[in-house]
Amino acid sequence: MDFAKTISQFALNCGYDNCGIIAPEDLTDSIERLKERMEKVPESSGFYNGISANYSPVKERFPWAKSIIVLTFEHGKFRYPTEMRKRYAKAFFLSPEDNHTDGYDYIKFGNWLTAQGIRWHKGSVPLRYAAMKAGLGIIRKNNFFYTDNGSFVSLFAYITDCNARLMQNVSPRPCVDTCTLCQKACKSRALCAPYTMNPMKCISFWTTFGKGSVPPFLEEEMFEEWIIGCDNCQDACPHNRKHNWDEGDAFSGIEEIASKLEPEKLLEQTDDFLREQVITKTDHHLMAEDTDVLRINAHRALRNRQREQ
């Protein structure tokens with residue numbers, strides 16, 4: 001077995017679901033993709049400039065880099081509480097915390113790489129593009145990365161000095177040219193065209209990094225009952241509909257608190273509960289000091305529910 005397959009097998013042993021290994025040069029044209037995004041939606045330039053460092057040539061930032069290990073972790077193996085759907089983005093709450101018993105062990109994987117004498121750096125590449133280049137899936141019209149099982153998947157990358165390559169061949173059926181379901185499902189019109197989005201109109205941005213604000217170019221009703229994130233464009237996608245969120249394994253720590261996360265119940269919780277039981281599950285989209293952001297979003301969710309009654 002060559003060493004690339006050894007790396008892949010150990011990644012699977014650590015809880016990841018798939019592994020591809022590409023060359024740094026495979027991401028050379030990703031910066032052009034980023035420029036295209038900014039040209040299509042000029043008002044997004046501020047947002048994309050903030051992440052542009054990840055798109056710059058890997059070899060310029062890490063001269064020792066010889067390969068990039070790309071890993072996937074599927075969320076669809078878990079069930080998701082009914083009370084949290086249409087309120088809490090699934091990818092956030094089904095992303096395992098450090099050494100979570102339900103997920104991947106990135107510390108074990110990193111320690112193993114080090115033990116093999118491999119120099120590595122975690123992250124710092126455009127993950128969706130890297131995963132596509134590694135043959136782990138495709139990017140669809142809603143801009144999310146999809147495996148054969150859909151878009152609810154976490155992506156990880158390790159830049160290494162190991163000279164290894166491993167291409168996968170995960171090739172889901174592409175989007176139908178005439179399909180606009182994800183665009184129609186996007187209440188704020190952040191998805192302004194296929195494979196294009198305006199992150200400054202994304203509900204997920206404003207419920208998290210945007211600190212619960214409703215900017216003047218959006219309307220409160222567009223937020224519906226979303227409290228953290230938004231799954232509308234993914235839930236509307238035909239390539240996600242085959243999944244039944246009532247099935248699968250329980251995800252530790254979620255079902256135990258789900259009833260407390262309904263908007264009216266969330267408002268009754270203490271700051272300690274929000275910090276320790278909710279914010280820690282948002283995949284770093286909220287910080288410990290953001291307890292009031294949750295309350296702002298919960299109040300808005302209740303107002304929007306009242307409007308619908």
Side-chain angles (χ1 to χ4, degrees), residues 1-34 48 50-75 77 91-92 94-139 144-147 152-170 280-285 287:
M1 179 183 293
D2 64 45
F3 193 58
K5 292 183 179 178
T6 300
I7 294 173
S8 177
Q9 185 58 57
F10 194 81
L12 300 186
N13 292 343
C14 289
Y16 297 99
D17 291 301
N18 207 350
C19 171
I21 308 176
I22 60 176
E25 294 76 20
D26 291 333
L27 300 181
T28 300
D29 58 349
S30 64
I31 190 65
E32 297 304 319
R33 296 289 187 96
L34 186 65
Y48 285 126
I51 63 172
S52 60
N54 286 346
Y55 287 77
S56 61
V58 173
K59 296 283 282 187
E60 289 183 5
R61 293 178 288 135
F62 305 95
W64 45 266
K66 295 180 181 178
S67 66
I68 302 170
I69 302 170
V70 188
L71 306 171
T72 64
F73 179 80
E74 307 269 359
H75 304 303
K77 66 189 76 174
F92 294 168
L94 296 178
S95 292
E97 300 170 31
D98 298 357
N99 287 318
H100 199 293
T101 55
D102 289 328
Y104 50 86
D105 190 337
Y106 77 87
I107 294 178
K108 179 180 177 180
F109 185 69
N111 287 342
W112 181 83
L113 291 177
T114 300
Q116 308 309 305
I118 297 173
R119 185 178 181 180
W120 58 273
H121 174 86
K122 189 172 183 289
S124 300
V125 300
L127 291 171
R128 297 176 188 180
Y129 192 68
M132 183 182 69
K133 285 289 189 176
L136 297 169
I138 64 173
I139 297 173
F144 280 93
F145 178 82
Y146 282 68
T147 68
F152 293 99
V153 54
S154 287
L155 303 173
F156 311 88
Y158 289 78
I159 299 168
T160 83
D161 66 353
C162 174
N163 193 14
R165 300 289 182 274
L166 181 63
M167 290 297 298
Q168 301 294 345
N169 187 29
V170 180
T280 56
K281 296 177 173 63
T282 64
D283 197 26
H284 307 291
H285 283 69
M287 300 294 106

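Start at 1 with the first residue, then count along the sequence.
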**Message:** Just to verify, what does His285 make a ring pair (Phe, Tyr, Trp, His ring centres under 6.0 Å) with, not counting sequence neighbours?
**Reply:** Phe92, Phe209
**Request:** Examine distances only and state if a side-chain atom of Asp26 and a backbone atom of Ala23 form a donor-acceptor pair shorter than 3.5 Å.
**Result:** yes
**Message:** Run the ring pair (Phe, Tyr, Trp, His ring centres under 6.0 Å) test against Tyr55 and tell me which residues pass, sequence neighbours left out.
**Reply:** none
**Request:** Output the distance between atom CG (Asp161) and atom OG (Ser67), rounded to the nearest 0.5 Å.
**Result:** 7.5 Å
**Message:** If I take atom CD1 from residue Ile7 and atom CG from residue Leu166, how far apart are they, to the nearest 0.5 angstrom?
**Reply:** 8.5 Å
**Request:** For residues Phe145 and Met132, report the shortest heavy-atom separation together with the two atoms involved.
**Result:** CE1-N, 3.6 Å
**Request:** Report the distance from atom CZ of Arg33 to atom CD1 of Ile31, rounding to the nearest 0.5 Å.
**Result:** 12.5 Å
**Message:** For Phe62, give me all partners under ring pair (Phe, Tyr, Trp, His ring centres under 6.0 Å), at least two apart in sequence or on another chain.
**Reply:** Trp64, His121
**Message:** Let me confirm one number: the CD1-NZ distance from Ile159 to Lys59, rounded to the nearest 0.5 Å.
**Reply:** 11.0 Å
**Message:** So does Ile139 get a backbone contact from the side chain of Arg128, meaning a donor-acceptor N/O pair under 3.5 Å?
**Reply:** no
**Asked** Hey, are the side chains of Glu25 and Thr28 touching, using non-hydrogen atoms and a 4.5 Å cut-off?
**Response** yes
**Prompt:** Are any non-hydrogen side-chain atoms of Tyr158 and Leu71 less than 4.5 angstrom apart?
**Reply:** yes
**Complete:** Tested for ring pair (Phe, Tyr, Trp, His ring centres under 6.0 Å) against Phe73, the lone hit among Phe156, Tyr104, Tyr106, Phe109 is Tyr104
**Prompt:** If you take all heavy atoms of Gln168 and Cys19, which pair is closest and at what distance?
**Reply:** NE2-O, 2.7 Å
**Request:** Quickly, which of Ile69, Ile68, Thr160 forms a side chain to side chain contact (heavy atoms under 4.5 Å, CB included) with Trp120? Name it, please.
**Result:** Thr160
**Sequence-distant partners of Phe152, ring pair (Phe, Tyr, Trp, His ring centres under 6.0 Å), two or more places apart** = Trp245
**Complete:** Between the CG atom in Leu127 and the OG1 atom in Thr72, the distance rounded to the nearest 0.5 Å is 11.5 Å
**Asked** Residues two or more places apart in sequence or in another chain: which of them pass side-chain contact (heavy atoms from CB on, under 4.5 Å) with Lys133?
**Response** Ile22, Leu27, Asp29, Tyr129
**Asked** Tell me, which pairs form a salt bridge (Lys or Arg N to Asp or Glu O under 4.0 Å) where one or both residues lie in residues 11-21, sequence neighbours left out?
**Response** Asp17-Lys77
**Item:** Inter-residue atom distance Ile118.CD1 - Lys66.NZ, 0.5 Å rounding
**Value:** 11.0 Å
**Message:** Using modelled atom types and a 3.5 Å cut-off, is there a donor and acceptor pairing between side-chain atoms of Ser95 and backbone atoms of Ala91?
**Reply:** yes
**Item:** Heavy-atom pair of closest approach, residues Asn54 and Ser124
**Value:** OD1-CA, 3.3 Å
**Prompt:** So, do Val70 and Leu136 sit near enough that their side-chain heavy atoms are less than 4.5 Å apart?
**Reply:** yes
